[in-house]
Amino acid sequence: MEWLSASTCFAFIVVTPWKIVGWSGSAIFSIRFFLQWIASERAKKSIIPVGFWECSVLGSVLALSYFAIYRRDSVGVLMTLAPLPLYIRNLYLKWREVLAEKRVKKPSSAPNKSEIAAG
């Protein structure tokens with residue numbers, strides 16, 4: 001695990017693998033707002049897509065690992081840990097909704113009696 005403590009200076013910013021994890025979490029967390037905006041513009045109404053909750057969970061987990069393991073910062077840990085159950089619950093509900101919609105839209109591969117009689 002020595003590679004996790006390695007650092008490089010780039011444009012006067014100290015870069016470590018853990019900072020990359022933290023920045024990735026922050027970036028993924030921010031992307032969720034663009035996903036929500038694009039989905040709402042396409043639908044012409046305010047909606048929250050599955051990707052919003054996926055980015056929420058992934059961004060929070062990455063930020064949480066940065067704050068908990070690298071920084072050992074209790075404020076950062078609480079800030080990212082507190083809403084995580086909400087994100088996970090909403091992701092579960094959204095996926096359940098998506099899977100239910102797919103089951104309803106899935107056409108039956110076997111012909112029904114009226115199709116056989118008409119054919």
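All values reported here derive from a predicted model rather than from experimental measurement.
- Listed by chain and number, the residues in a side chain to side chain contact (heavy atoms under 4.5 Å, CB included) with Trp37 are Phe34, Glu41 (sequence neighbours excluded).
- To the nearest 0.5 angstrom, Leu86 atom CG is 11.0 Å from Leu91 atom CG.
- A search for side chain to side chain donor-acceptor pair (under 3.5 Å) contacts involving Ser24 returns nothing, not counting sequence neighbours.
- Judged by distance alone, the side chain of Ser40 and the main-chain N or O of Gln36 form a donor-acceptor pair under 3.5 Å.
- In this structure, the side chains of Val15 and Trp23 come closer than 4.5 Å at one or more pairs of heavy atoms.
- Taking the salt bridge (charged side-chain N to carboxylate O under 4.0 Å, His left out) definition, one finds that Glu97 meets it with Lys94, sequence neighbours left out.
- Residues satisfying the side chain to side chain contact (heavy atoms under 4.5 Å, CB included) criterion with Ser74, sequence neighbours excluded, are absent altogether.
- Residues Leu84 and Ile88 meet the side-chain proximity criterion, which asks for heavy atoms closer than 4.5 Å.
- With sequence neighbours excluded, the residues satisfying side chain to side chain contact (heavy atoms under 4.5 Å, CB included) with Arg96 are Tyr92, Leu93.
- Tracing side-chain contacts under 4.5 Å through hydrophobic residues (I, L, V, M, F, W, Y), one never reaches Leu78 starting from Tyr70; they form parts of separate clusters.
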Exercise for the section: Please lay out, stage by stage, how Tyr66 and Lys19 fare under the test side-chain contact (heavy atoms from CB on, under 4.5 Å). Expected result: CA-CA 7 Å; Tyr66 170 78; Lys19 282 193 176 181; 4.2 Å; yes

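- A heavy-atom distance below 4.5 Å is not found between the side chains of Pro85 and Arg89.
- The OH atom of Tyr87 lies 9.5 Å from the OG1 atom of Thr80; values are rounded to the nearest 0.5 Å.
- Counting side-chain heavy-atom gaps under 4.5 Å among Ile, Leu, Val, Met, Phe, Trp and Tyr, the cluster of Ile31 also holds Leu35.
- Two residues are said to be in side-chain contact when any heavy atoms from C-beta on lie closer than 4.5 Å; Arg71 and Trp18 fail this criterion.
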Residues 44-65 side chain polar contacts: donor-acceptor under 3.5 Å, at least two apart:
| residue | atom | partner | partner atom | Å |
| --- | --- | --- | --- | --- |
| Glu54 | OE2 | Trp95 | NE1 | 3.3 |
| Ser56 | OG | Arg32 | NH1 | 2.7 |
| Ser56 | OG | Phe52 | O | 2.8 |
| Ser60 | OG | Ser56 | O | 2.9 |
| Ser65 | OG | Val61 | O | 3.4 |
| Ser65 | OG | Leu62 | O | 2.7 |

